[in-house]
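Written out below as C-alpha cells is the structure these notes cover.
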Amino acid sequence: MKGESWFCRLAVRLVRIWFAIMFKVEVIGKENVPDDGNAIICCNHYSNYDPFAAAIYLDRLPHYIGKKELFKYKIVAWALNECGVFPIDRKASMDMKAVKTALKVLKEGKILGIFAEGKRVKEGEEVDAKGGVALFAMKGNAPVIPCAISGKYKFRHKITVHYGEPLTLDEFRGQKLTTELMGEITEVIMGRVEEMKVKV
C-alpha cells in the first residue's frame, strides 16, 4: 500500500490475518477500483466489520468518513488519522469541515470511502440513504464504485465483497445540484449496490 503510514500498513496486515482466520472471504471485482485517480467507494453497512472488509483487500486504502464519536479517545483518534479516517458530526445538518475534507481527498486524486446509509442497517430494515455520496461525486468530479458486502460475520461463514463497475453519473452532470437530484443520484448508486448483494 504505497503512501500509507507504517502503522496503517501493519494494521491492514493484522486485520487480513484476523479475517482469514475468522471468515471465508470472497472478493469480486477488485479490478474495478482504479490504480490511480480519484473515486468514491460506496458500500452498504450492516456491521462494524464492514469498513475493514471493504478496504483491506485493496491496493489503495479509501479515506473513510467516520462518526465523530469514534475520535473521543486520543489513541483511537491517532490510529484513525493514521489510516486516513476523518470525522463527521452526524447531528449537524451539514458538517462543512467534513465536506471540505472529503472534497480535498478527491481533489488530491485519492479514494473516498462512504456508507451512504449513515449507520448500520439490519437485514430487512429500510433506511433512506443520505445525499452525501451524490454531493461528493458531483462536486468532486469522481466516479462512484458501488460495493456490496454480503454474508454473516460468524466464524468461518462466507463473506462476499463485490466491487461493481464505476458509475460515471455523466447523465446527471451539468445540472443544478438540488436536493431532488441528489436523491435521484443516490437511488441509482444504492440501487446498484442492492443488485450486487448475494441473495441467500
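No experiment lies behind these values; they were computed from the predicted model shown.
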* Roughly how far apart are Y49 OH and K152 NZ, rounded to 0.5 Å? ->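 Rounded to the nearest 0.5 Å, the OH-NZ separation comes out at 15.5 Å.
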* Give the C-alpha distance, both sets of side-chain angles, the deciding distance and a yes or no for side-chain contact (heavy atoms from CB on, under 4.5 Å) between L169 and I185. => CA-CA 8 Å; L169 305 171; I185 294 170; 3.9 Å; yes
* Are Y153 and N48 linked by a side-chain donor-acceptor pair shorter than 3.5 Å? -> no
On a heavy-atom basis, which atom in [X] and which in [Y] lie closest, and how many Å separate them?
{"X": "A54", "Y": "I149", "result": "CB-CD1, 4.1 Å"}
{"X": "P146", "Y": "L167", "result": "CD-CG, 4.2 Å"}
{"X": "C42", "Y": "M190", "result": "SG-SD, 3.8 Å"}
{"X": "V144", "Y": "I189", "result": "CG1-CG2, 3.8 Å"}
{"X": "V193", "Y": "C147", "result": "CG1-O, 3.6 Å"}
{"X": "P87", "Y": "A98", "result": "O-CB, 3.5 Å"}

* Measure the shortest side-chain to side-chain distance between V99 and M94 over non-hydrogen atoms and say whether it is less than 4.5 angstrom. => yes
* To do: Taking the side chain as every heavy atom from C-beta outward, state whether R60 and P34 have any atom pair closer than 4.5 Å.
  =>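 Answer yes - side chains close enough.
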Side-chain donor/acceptor of [X] to backbone N/O of [Y], under 3.5 Å:
{"X": "R90", "Y": "K68", "value": "no"}
{"X": "N38", "Y": "G140", "value": "yes"}
{"X": "R192", "Y": "G164", "value": "no"}
{"X": "R173", "Y": "T168", "value": "yes"}
{"X": "K30", "Y": "Y163", "value": "no"}

* Asked: What pairs of residues pass the ring-ring contact (aromatic ring centres under 6.0 Å, His included) test when at least one of them lies in residues 76-112, not counting sequence neighbours?
  -> F7-W78
Quick check: is [Y] connected to [X] through a chain of hydrophobic side chains (ILVMFWY, heavy atoms under 4.5 Å apart)?
{"X": "V12", "Y": "W18", "result": "yes"}
{"X": "V76", "Y": "F71", "result": "yes"}
{"X": "V27", "Y": "I145", "result": "yes"}
{"X": "I88", "Y": "I114", "result": "yes"}

* To do: Could you list who else is in I21's hydrophobic cluster, with ILVMFWY side chains joined at under 4.5 Å, directly or through other members?
  => I17
* D89/K67 ion pair, N-O < 4.0 Å ->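 Result for this pair is no, no salt bridge flagged.
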* Less than 4.0 Å between a side-chain N and a carboxylate O, is that true for K72 and E69? -> no
* Yes or no on side-chain contact (heavy atoms from CB on, under 4.5 Å) for D170 and F172, after CA distance, side-chain angles and deciding distance? -> CA-CA 5 Å; D170 289 340; F172 299 106; over 6 Å; no
Name each donor-acceptor pair under 3.5 Å that joins a side chain in residues 103-113 to protein atoms two or more places apart or in another chain, with its distance.
residue: K104; atom: NZ; partner: E108; partner atom: OE2; Å: 2.6
residue: E108; atom: OE1; partner: K110; partner atom: NZ; Å: 3.1

* Do F115 and Y64 make the cut of ring centroids closer than 6.0 angstrom? ->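 Ring centres of Y64 and F115 closer than 6.0 Å.
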* Go through F19 and L14 one step at a time and tell me if the side-chain contact (heavy atoms from CB on, under 4.5 Å) criterion holds. => CA-CA 9 Å; F19 265 60; L14 292 176; over 6 Å; no
* To do: List the steps and the verdict of side-chain contact (heavy atoms from CB on, under 4.5 Å) for K176 and L181.
  => CA-CA 8 Å; K176 185 177 181 181; L181 183 62; over 6 Å; no
* Asked: Within a reach of under 6.0 Å around CD of Q175, are more than 12 heavy atoms found that belong to other residues, nucleotides or ligands?
  ->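 Yes.
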* Asked: Got a sec: does the CG of D35 have more than 12 other heavy atoms crowding it under 6.0 Å?
  -> no
